[in-house]
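See below for the structure under consideration.
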Amino acid sequence: MRDDNRSADTMTAPGNGVVAALVSAAKWLPNRVSKMHAGPADLEQLIAQTPKRNRRCAVIGIAISGVQSMKNCLAEGFEPVGFEADSDIGGLWRYRDDPKFPSVYRSTHIDSDRDTNSFGDYPWDPNKPLLIHNTELIRYLRENIEKFGLMDRIKLNTRVSLVSPVGDHNGDELYPGWEVHYTHTDPQTGKKTDAMEIFDCVLVCSGRHGGGGFIPQYPNQEKFKGPIMHSSQYKYAEKHNMVGKCVAVVGIGNSGADIVTELGMLNGGGMRKGDGEIVNDKRSDTLLIARSGGWVARAPHLEVGAGMVAGEAIVGDFINRQPWFLRDTVQGDSDQVDANQAQLNRHGMTPGLGHRRSQQHPIISGLAGQVWLGDQLDDGWVKMHRGFNTEKGFSEDGTGIWLNDKDGNPMAEPTPVDAVVYATGYRQQAGFIDPKVVDMRFEREGNDVPLYKSCLPISQYKGLGFVNFIQGFTFPCGELQSRYLLKVFAGECKLPSLEVQYDDMEANRNAVNAQFIDRSQLRVLNGNFLQYYQDLAYEIGCYPTFWKLLTERPTAIWHAYFVFTMGSITQLTNRLVGDGRLENAERWIEEAYESRHFGEYQEAGAGYDHNFRKGLPKNKDGLGPLNRRNKFWLWDSMKAWNKFYWRQRKRSKQGYKSAKGLPMIGRPQEARVHLEQNVAFAKEDAELRGITHSLELNAPVKDGFQDAGGAITHAFATVAKTVAGGGLAEADLTGLKNEQVQDFDAAASEQR
C-alpha cells in the first residue's frame, strides 16, 4: 500500500529543488555581474591604481571645494598644489572670533543634512549627527586632508595675485599652461615673498563667498554711531555688545533668518536656545528689515526633520522633474506650508509681486532648535519692517534709521537702533583671474557668473575652471564640478563649440530669470536644480541609470533608488557605477541609511538613541526617528501619493503641464530641458493669468540695487586692482570703517 504522505514529499521535492535553484540563481547572478565590473574598494586604492599624467594643477582656496578638488586631482592622475591665503584651511566655514576676519557665526549649522553634505569617496562617520555644526565640518575636512596626505601639498599664508594664460591656447595642445603669481607671508616674521609658477591647469575654489560680502549704502550711513557689519563679520551677541540692544538685521536670506532669530530669542525671549531657559533679562527689540518679504519654511530640529526623510530617490527624482510651479504644490504638505506663511504674512512678510515660494532661494527657520521666526513675530520678539526709506536712510544724528512699516509705508519718525547687521549676500568674484579670460573682478558690471555649465569660462583658453561659484549644494557641487572639469582638462569630456556653449548659458540665464524674482542673484542660482547635478554626473559617466546598474552593479539597485531623497545630489550614489566606482559605496550607503533610522543623536538634542546592533533599547515611543517609525508608514505614503495625484490633476485642468518620461531609466532630464519649461510657463503666466515674473529674455547683465542708483560697500578690502597691461594685482589692505567696513568706491579710486 502506497504511503501517501511519503509520496507527496517525493512528488514535491523536485518542485522545491527548482524553487531553491531559482532563488540561488537570483542571488548568484547579480553578485556575479557586480564582481565582473568591480573596481577599487575606496579612494586610496583608486588613487594608487590611477596612472600619473605628470601634469600639475593649481587649486586656489582650500575649504570644502578645494579639499575635494585636490582629492579628485589625485584620482585623475594630476598633481595638485593648493594655495590658501589664510593661515589654516576651511575658508569661511572656519570660525574666526575676530570680526575683522570673515567667517560663519559661532552658532552656524549646515542648513541641509549630513548625507547631502558628504563626500562620495569618504563619507561621514554614520554615528555623527545629521545636523552638522561648523566645528564638526572643519574636523571632517581635516580628516580628509590627513587621510589623503594633502597637507604637504598646500601652501598656507599664500595669496594668489594673478592667474594668466601662457602659450598658444588656440592650438590643439591640451595643456598650454597658466602662470600663477602669488605672495607668501612668513607667519613668524611677516616677510612677504613674491613668486610665480607655471601650471598645466587651474581650479579656482575660492567659491561664491570668497569675494566677500557686500552691503548697500544709504544716505547718512557714515554718520551712524553704532557698529555696522556684514553677516560674515557677525560672531555672537556678546562679541558685538548686542545683548539687550536694539539690532536691525537687513535681509531675509538664510543668514538673515538665522541671525534675527538668534538675536530675537536672546533679547526678546531671554533664551539662548528654544528650550525656555532664561539667560538674559535685558529685553529689547530686534528688527527684521526685508523690502520684499519672502517665504520662510518652518523646519523641525534638523536632527528630527532630516531623520524623518526615508527617501526613495526615484520618487524624489520624479517630483523634481516637475516644473517649479507644479512642484510648489506637491513638495511636502502644501497646506501646512501655506498656514505657516500666513502666520508670517500677518506681520508684513507677504512675498512681493505675489511670487511663489520656488521663486526665491529656500529659507529655513528652526533647524537648529531655534524658536521659529513666525512665533517670534507673534510674541513681539522680532518686529518686521518692509525695507528702508531709501530717500532718508539713516538719521542725521546717527542714532537711528528711517524705515517703512510692515505694510511698506514710510514711518513718520526714525527708529532708534544700536547696531545694524547687513545679511545682504555676497558678490561672486575672483579678482586675480586675468579679465581677458573671464571678467570676475569685483568692479565688473552685474553679479553675473558667465560660465558654461556654471564652471567653465567660455573662451579659447584651456585648463581653467571655477568650482562652487553658483548658489547650490556646496558638497555635491564641489565634487561633481571638479570631477567634470578635470575630465574636460584631460580631453575625456568633449566640449561643444564656443557658440553652443554661449547659447546654452544664455538659455539657462533666461530660464533662471523666468523663475526667480531677485535680479541681484538671478545669475547664480543654477545649482538649485536637481537636473544640473544629474547633467554633470551623466557627462562624467557615473550617473546610476537603471540600465547601468542592471548591467554593471545589480546588487546596488536598492542603494541607488530607495535610500536618499536627494538622488544625484547625494554623492554616495554617484560612486556605485561607471567612472570613479568604489566597491565600499554599497556599505557606506547601508550604514548611512541605518543611522538615519537609528542614529545616536544626543549631541544635537533630538534624543534618539536606539541602535539595535549595539543592543540599545528603543527610545521614547519605541521607534527610531525615520518616517517609517510607525507601522502605517506604507499606508501613509499611499495617501500622500494620492493627494499628490489629485493636485496634479487639478493643476493640469488649470493649464499647468507636467513633465513627461520616466526618471532614472536612461539619460536624465537635461537641465536645459527642465529650465525651458520655466520660460514657457512664465510667458503663459503673464499672458493667461496676469502674473508677472522677472522674465527678461536676453536681458543685459544687471545689478539690481546699483542700477537704481545705490552704492555698494565691499565688506572686506579684498578688491583686486587692474594694472598696466591688463593684468591684476593684489589689493592694498587699508583701514576699515568701524574696523569692519570699507567703501568700495573710495578704495577703488585710491587704488587707481
>> Would you compute the distance between atom CD of Gln481 and atom SG of Cys205 and round it to the nearest 0.5 angstrom?
In response: 9.5 Å

> Does the side chain of Pro450 come within less than 4.5 Å of Met440's, by heavy atoms?
Replying inline: yes

>> Please determine whether side chain to side chain donor-acceptor pair (under 3.5 Å) holds for the pair Asn157 and Thr185, giving the CA-CA distance in whole Å, both sets of side-chain angles, and the decisive distance to 0.1 Å.
In response: CA-CA 6 Å; Asn157 301 296; Thr185 302; over 6 Å; no

> Would you call Met70 and Ile145 a side-chain contact if the rule is heavy atoms closer than 4.5 Å?
Replying inline: no

>> Show the nearest heavy-atom pair for residues Leu150 and Val67, with the distance to one decimal.
In response: CD1-O, 3.9 Å

> Quick one: does Arg56's side chain have a donor or acceptor within less than 3.5 Å of a partner on Ile198's backbone?
Replying inline: yes

> Sub-3.5 Å donor-acceptor pair from the side chain of Tyr95 to the main-chain atoms of Thr108, do we have one?
Replying inline: no

>> Return the OH to OG1 distance between Tyr140 and Thr135, rounded to the nearest 0.5 Å.
In response: 15.5 Å

>> Asp125: which residues meet the side chain to side chain contact (heavy atoms under 4.5 Å, CB included) condition with it, sequence neighbours left out?
In response: Asn127, Lys128

> Are Arg106 and Glu262 within salt-bridge range, i.e. N to O under 4.0 Å?
Replying inline: no

> Which distance, rounded to the nearest 0.5 Å, do you find between the CH2 of Trp588 and the CD of Gln571?
Replying inline: 12.5 Å

> Does Ala195 have any side chain to side chain contact (heavy atoms under 4.5 Å, CB included) partners at least two apart in sequence or in another chain, and if so, which?
Replying inline: Tyr182

>> Between Gln45 and Asp42, does the side-chain contact (heavy atoms from CB on, under 4.5 Å) criterion hold? Intermediate values first, please.
In response: CA-CA 6 Å; Gln45 286 191 15; Asp42 53 30; 3.6 Å; yes

> By side-chain hydrogen bond (donor to acceptor under 3.5 Å, both in side chains), which residues pair with Glu84, not counting sequence neighbours?
Replying inline: none

> Do any N or O atoms from the side chain of Glu479 and from the backbone of Pro476 form a donor-acceptor pair under 3.5 angstrom?
Replying inline: no

>> Let's go through Lys235 and Ser103 carefully: what are the C-alpha distance in whole Å and the side-chain angles of both, what is the deciding distance for side chain to side chain donor-acceptor pair (under 3.5 Å) to 0.1 Å, and is it a yes or a no?
In response: CA-CA 8 Å; Lys235 307 301 177 177; Ser103 77; 2.8 Å; yes

> Quick one: side chain to side chain contact (heavy atoms under 4.5 Å, CB included) partners of Pro176, sequence neighbours excluded?
Replying inline: His169, Lys462

>> Please evaluate residues Ile458 and Leu451 with respect to the criterion side-chain contact (heavy atoms from CB on, under 4.5 Å), reporting the C-alpha separation (whole Å), side-chain torsions for both, the decisive distance (0.1 Å), and the verdict.
In response: CA-CA 6 Å; Ile458 303 173; Leu451 307 170; 5.9 Å; no

>> Within this structure, what is the CH2-CG distance for the pair Trp178 and Leu162, rounded to the nearest 0.5 Å?
In response: 10.5 Å

>> If you take the centroid of each ring, where Trp contributes its six-membered ring, are Tyr426 and His209 closer together than 6.0 Å?
In response: yes

> Among all residues two or more places apart in sequence or in another chain, which pass the side chain to side chain contact (heavy atoms under 4.5 Å, CB included) test with Glu492?
Replying inline: Arg53, Glu76, Lys487, Ala490

Which donor-acceptor pairs under 3.5 Å do side chains of residues 87-94 form with protein atoms, sequence neighbours excluded?
{"from": "Asp88", "atom 1": "OD1", "to": "Arg142", "atom 2": "NH1", "distance (Å)": "3.1"}
{"from": "Asp88", "atom 1": "OD2", "to": "Arg142", "atom 2": "NH1", "distance (Å)": "3.4"}
{"from": "Asp88", "atom 1": "OD2", "to": "Arg142", "atom 2": "NH2", "distance (Å)": "2.8"}
{"from": "Arg94", "atom 1": "NE", "to": "Ile89", "atom 2": "O", "distance (Å)": "3.0"}
{"from": "Arg94", "atom 1": "NH2", "to": "Asp86", "atom 2": "OD1", "distance (Å)": "3.4"}
{"from": "Arg94", "atom 1": "NH2", "to": "Asp86", "atom 2": "OD2", "distance (Å)": "2.6"}

> Partners of Tyr484 by ring pair (Phe, Tyr, Trp, His ring centres under 6.0 Å), sequence neighbours excluded?
Replying inline: none

> Going from OG1 on Thr50 to CG on Leu74, what distance comes out if it is rounded to the nearest 0.5 angstrom?
Replying inline: 9.0 Å

> When you measure from the side chain of Asn220 to the backbone N and O of Phe394, does any donor-acceptor pair fall under 3.5 Å?
Replying inline: yes

>> Looking only at side-chain N and O atoms, does Ser112 offer a donor or acceptor that is under 3.5 Å from a partner on Asn117?
In response: yes

> Which residues satisfy the ring pair (Phe, Tyr, Trp, His ring centres under 6.0 Å) test with Phe78, sequence neighbours excluded?
Replying inline: none

> Looking at Asp439 and Arg441, does any basic side-chain N land under 4.0 Å from a carboxylate oxygen?
Replying inline: yes

> For Glu238, does its backbone N or O pair with a side-chain atom of His240 as donor and acceptor, under 3.5 Å?
Replying inline: no

> Is atom CD of Gln49 surrounded by more than 12 heavy atoms (other residues, nucleotides or ligands) closer than 6.0 Å?
Replying inline: yes

>> For Tyr122, give me all partners under ring pair (Phe, Tyr, Trp, His ring centres under 6.0 Å), at least two apart in sequence or on another chain.
In response: Phe148

> Are there more than 12 heavy atoms of other residues, nucleotides or ligands under 6.0 Å from atom NZ of Lys52?
Replying inline: yes

> Got a second to check how far Ile259's CD1 is from Met229's CE, nearest 0.5 Å?
Replying inline: 9.5 Å

> Is it true that the NZ or CZ of Arg208 lies under 6.0 Å from the centre of Phe469's six-membered ring and within 45 degrees of the ring axis?
Replying inline: no

>> With a 3.5 Å distance limit and no angle check, can you tell me whether Trp124 reaches the backbone of Pro129 through a side-chain donor-acceptor pair?
In response: no

>> Holding to side-chain hydrogen bond (donor to acceptor under 3.5 Å, both in side chains), I want the full list of residues that pass it with Gln68, two or more places apart in sequence or in another chain.
In response: Lys71, Asn72, Asp121

>> One thing to verify: whether Asp97 and Lys239 come together as a salt bridge, which I'm taking to mean a side-chain N less than 4.0 angstrom from a carboxylate O.
In response: yes

> Quick one: ring pair (Phe, Tyr, Trp, His ring centres under 6.0 Å) partners of Phe199, sequence neighbours excluded?
Replying inline: Phe83

> Do the charged groups of Arg114 and Glu136 touch, with an N to O distance under 4.0 Å?
Replying inline: no

> Please walk me through it: do His184 and Thr158 pass side chain to side chain donor-acceptor pair (under 3.5 Å)?
Replying inline: CA-CA 4 Å; His184 174 73; Thr158 305; 3.1 Å; yes

>> Does Asp258 form a side chain to side chain donor-acceptor pair (under 3.5 Å) with Tyr105? I'd like the steps, not just the answer.
In response: CA-CA 10 Å; Asp258 279 351; Tyr105 30 94; 2.7 Å; yes

> What pairs with Ser118 under side-chain hydrogen bond (donor to acceptor under 3.5 Å, both in side chains), at least two apart in sequence or on another chain?
Replying inline: none

